[in-house]
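For reference, the structure is listed below as structure tokens.
Below, chain A is the first sequence line, B the second, and so on; all start at residue 1.
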There are 2 protein chains.
Amino acid sequence: MVGVTTRKNSGTATPAKRQRASSGPASERRDHLVKLAAELFARKGFQATTVREIADEAGILSGSLYHHFDSKETIVDEVLSTFLDDLIARYRAALDSGKDARDVLTDMVRIGFGTLEPHRAAITVMQNDWNYLRQFERFNYLVKAEEEVEQIWVTQIKAGQAAGLFRPDVDPKLTYRMIRDTIWVAVRWFRPNGRLNTNALADHYITVLFDGLATGERTTQQA
Amino acid sequence: MVGVTTRKNSGTATPAKRQRASSGPASERRDHLVKLAAELFARKGFQATTVREIADEAGILSGSLYHHFDSKETIVDEVLSTFLDDLIARYRAALDSGKDARDVLTDMVRIGFGTLEPHRAAITVMQNDWNYLRQFERFNYLVKAEEEVEQIWVTQIKAGQAAGLFRPDVDPKLTYRMIRDTIWVAVRWFRPNGRLNTNALADHYITVLFDGLATGERTTQQA
DNA sequence: GTCTATAAGAAGATAGAC
DNA sequence: GTCTATCTTCTTATAGAC
């Protein structure tokens with residue numbers, strides 16, 4: 001019931017109570033605080049960000065934060081679940097389009113890259129702190145959500161193979177993981193005002209993913 | 001000169017002295033301690049791992065660790081620099097083979113996946129804690145090493161394009177980043193004793209990367 | 001090379017006044 | 001909804017005996 005040792009908080013030992021995003025009162029003030037915290041978590045990492053820093057950023061004292069949240073974990077919980085809820089909703093819409101597997105997969109790649117901008121902070125936290133956060137019982141739903149997303153992708157890849165659209169000799173699960181990794185890790189270097197926007201990123205990746213990097217020419221063998 | 005606020009260490013404030021891997025005395029005992037620490041860093045994250053835990057793992061007390069290392073940062077520094085030195089050496093060997101750009105790139109992909117097993121812990125730390133560690137001046141060499149590696153890859157991709165081996169319409173730098181991401185992030189889910197070994201991973205990725213996922217068939221357009 | 005003992009302070013969280 | 005004040009525990013790191 002207790003989960004792992006957590007960050008050894010102190011005071012009158014509070015073993016990370018429940019207070020999911022959905023259950024908490026959804027005030028604008030609260031949402032604003034979550035946004036501020038998300039930026040700090042993304043920049044410095046979850047553990048390296050102190051509740052004092054979050055409070056500073058909001059112009060209040062650390063104790064006042066506990067009027068809105070019962071723990072630091074609750075804040076990051078809200079950051080992550082907001083992102084995941086949105087992502088899964090978008091995937092579902094793509095699935096209901098009636099397109100063939102290749103077009104659905106194309107849409108899903110675009111959806112993935114499309115979240116880089118609006119959910120940049122949440123994705124960064126998910127990348128960097130997932131390994132730490134997953135050890136706490138309260139974040140089990142993250143694992144569940146990941147499994148659900150994997151199922152959606154793998155089903156599409158298999159459908160594409162069955163329809164003769166995708167090569168049959170690739171492993172669906174492995175292929176999904178590589179696509180997923182390529183999309184989300186881009187959050188590390190993607191900059192909204194850089195040379196490329198997320199549409200260009202998606203187009204580029206879709207080209208290489210479907211048609212490959214090679215031209216078919218070989219200098220050593222076929223020539 | 002000081003860098004950022006660091007983990008606010010205490011005692012007689014020690015602002016993270018220099019003591020790079022190469023400069024420290026290379027005893028077997030020391031190497032063993034670094035290995036133990038690397039596993040903990042990978043499992044729990046750098047910040048969440050305490051010097052007490054590292055000492056526990058080694059069967060000594062935390063104070064005794066400071067006979068071998070002057071700070072926790074020095075330990076992780078040694079973990080990362082050992083990996084990077086090995087990686088860059090392997091890349092250089094591949095470059096000197098005299099093969100064409102496609103074969104060299106193939107070798108480099110294999111080298112990448114091939115490090116997942118021997119350097120699993122270091123790669124995990126690099127993935128999860130890079131964002132945090134990079135803020136300290138002493139880890140500037142990480143950025144330099146990354147730039148060197150990028151240069152090696154981009155040069156090969158451009159050479160392949162010039163030789164007509166790779167499609168000319170892809171962005172070399174972007175392509176490199178996506179390849180890099182796909183390889184290293186695999187450390188998150190790759191398990192040495194799982195269904196696939198690193199050779200199979202590399203082969204699979206090389207197939208999709210060069211030849212693409214699509215078969216050329218289209219259900220909607222070409223009928 | 002390890003232990004004992006401890007410094008000095010930063011952490012998350014709480015209680016109650018305003 | 002925020003502040004004041006504070007508790008308790010954990011942290012990295014040190015000094016010197018053995």
Side-chain angles (χ1 to χ4, degrees), chain A residues 3-19 24-34 36-37 40-41 44-77 132-133 136 138, chain B residues 3-19 24-34 36-37 40-41 44-77 132-133 136 138:
Chain A
V4 200
T5 42
T6 174
R7 201 261 179 290
K8 295 122 189 168
N9 57 355
S10 48
T12 311
T14 305
K17 299 162 197 155
R18 286 300 145 85
Q19 192 188 24
S27 73
E28 277 184 36
R29 180 69 174 138
R30 181 188 170 96
D31 288 347
H32 179 61
L33 292 171
V34 170
L36 293 179
L40 287 170
F41 292 155
K44 311 193 43 173
F46 173 71
Q47 296 161 87
T49 304
T50 68
V51 291
R52 282 178 174 79
E53 286 170 325
I54 299 170
D56 276 356
E57 200 75 14
I60 59 179
L61 291 191
S62 66
S64 307
L65 267 185
Y66 289 84
H67 174 75
H68 304 276
F69 310 96
D70 65 356
S71 74
K72 191 177 147 186
E73 271 81 16
T74 297
I75 306 179
V76 77
D77 196 328
Y132 171 75
L133 295 173
F136 305 109
R138 74 175 297 164
Chain B
V4 201
T5 42
T6 174
R7 201 258 178 292
K8 295 120 190 171
N9 56 355
S10 47
T12 311
T14 304
K17 298 161 197 157
R18 286 300 146 86
Q19 191 188 23
S27 73
E28 278 185 35
R29 180 71 173 135
R30 181 186 168 97
D31 288 347
H32 179 61
L33 293 171
V34 170
L36 292 179
L40 288 169
F41 291 154
K44 311 193 45 173
F46 173 71
Q47 296 161 87
T49 303
T50 68
V51 291
R52 279 180 174 79
E53 288 170 324
I54 299 170
D56 277 357
E57 200 76 14
I60 59 178
L61 292 189
S62 67
S64 306
L65 267 185
Y66 289 83
H67 175 75
H68 303 277
F69 310 96
D70 65 356
S71 74
K72 191 177 147 187
E73 271 81 17
T74 296
I75 306 179
V76 76
D77 195 329
Y132 170 73
L133 295 173
F136 305 108
R138 75 174 295 165

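- What separates CG of A:L65 from C1' of C:dA15 is a distance of 17 Å, to the nearest Å.
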Step by step, would you call A:F69 with A:L33 a side chain to side chain contact (heavy atoms under 4.5 Å, CB included)? CA-CA 10 Å; A:F69 310 96; A:L33 292 171; 3.9 Å; yes
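- In this structure, A:I54 and A:L40 approach most closely via the heavy-atom pair CA-CD1, 3.7 Å.
- Taking OH of B:Y132 as the reference point, atom CD of B:Q47 lies at 4.5 Å (rounded to 0.5 Å).
- B:T50 has its side chain within reach of B:E53: a pair of non-hydrogen atoms, C-beta onward, lies under 4.5 Å apart.
- Between A:H68 and A:R30 the shortest heavy-atom distance is O-NH1, 2.6 Å.
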Check: protein-nucleotides 1-3 of chain C nitrogen or oxygen pairs below 3.5 Å:
{"residue": "C:dT2", "atom": "OP1", "partner": "B:R29", "partner atom": "NE", "Å": "3.2"}
{"residue": "C:dT2", "atom": "OP1", "partner": "B:R29", "partner atom": "NH2", "Å": "3.1"}
{"residue": "C:dT2", "atom": "OP2", "partner": "B:H68", "partner atom": "NE2", "Å": "3.0"}
{"residue": "C:dC3", "atom": "OP2", "partner": "B:L61", "partner atom": "N", "Å": "2.6"}
{"residue": "C:dC3", "atom": "OP2", "partner": "B:S64", "partner atom": "OG", "Å": "3.2"}

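- Rounding to whole angstrom units, NZ of residue A:K72 and P of C:dA10 are separated by 15 Å.
- Atom C1' of nucleotide D:dT4 and atom CZ of A:R52 are separated by 13 Å, given to the nearest angstrom.
- Summary of helix geometry: the two end axes of the helix from C:dG1-D:dC18 to C:dC18-D:dG1, each defined by five base pairs via their C1' atoms, are inclined to each other by 10° (rounded to 10°).
- B:I60 pairs by the side chain to side chain contact (heavy atoms under 4.5 Å, CB included) definition with B:R29, B:A55, B:A58, B:S64, B:L65, not counting sequence neighbours.
- A:E73 has its CD atom 9 Å from the P atom of C:dG12, to the nearest Å.
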Distances for protein N/O vs nucleotides 16-18 of chain C N/O pairs under 3.5 angstrom?
none

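- Atoms CG and CZ, from B:L36 and B:F41 in turn, are 10.5 Å apart once rounded to the nearest 0.5 Å.
- In this model, the phosphate group of C:dA13 is approached by a side-chain N or O of A:Y66 to a distance below 4.0 Å at OP1 or OP2.
- For the atom pair CG of B:D70 and CD1 of B:I75, the computed distance is 9.5 Å after rounding to the nearest 0.5 Å.
- Annotation for B:S71 and B:Y66: closest pair CA-CE2, 4.2 Å, computed over non-hydrogen atoms.
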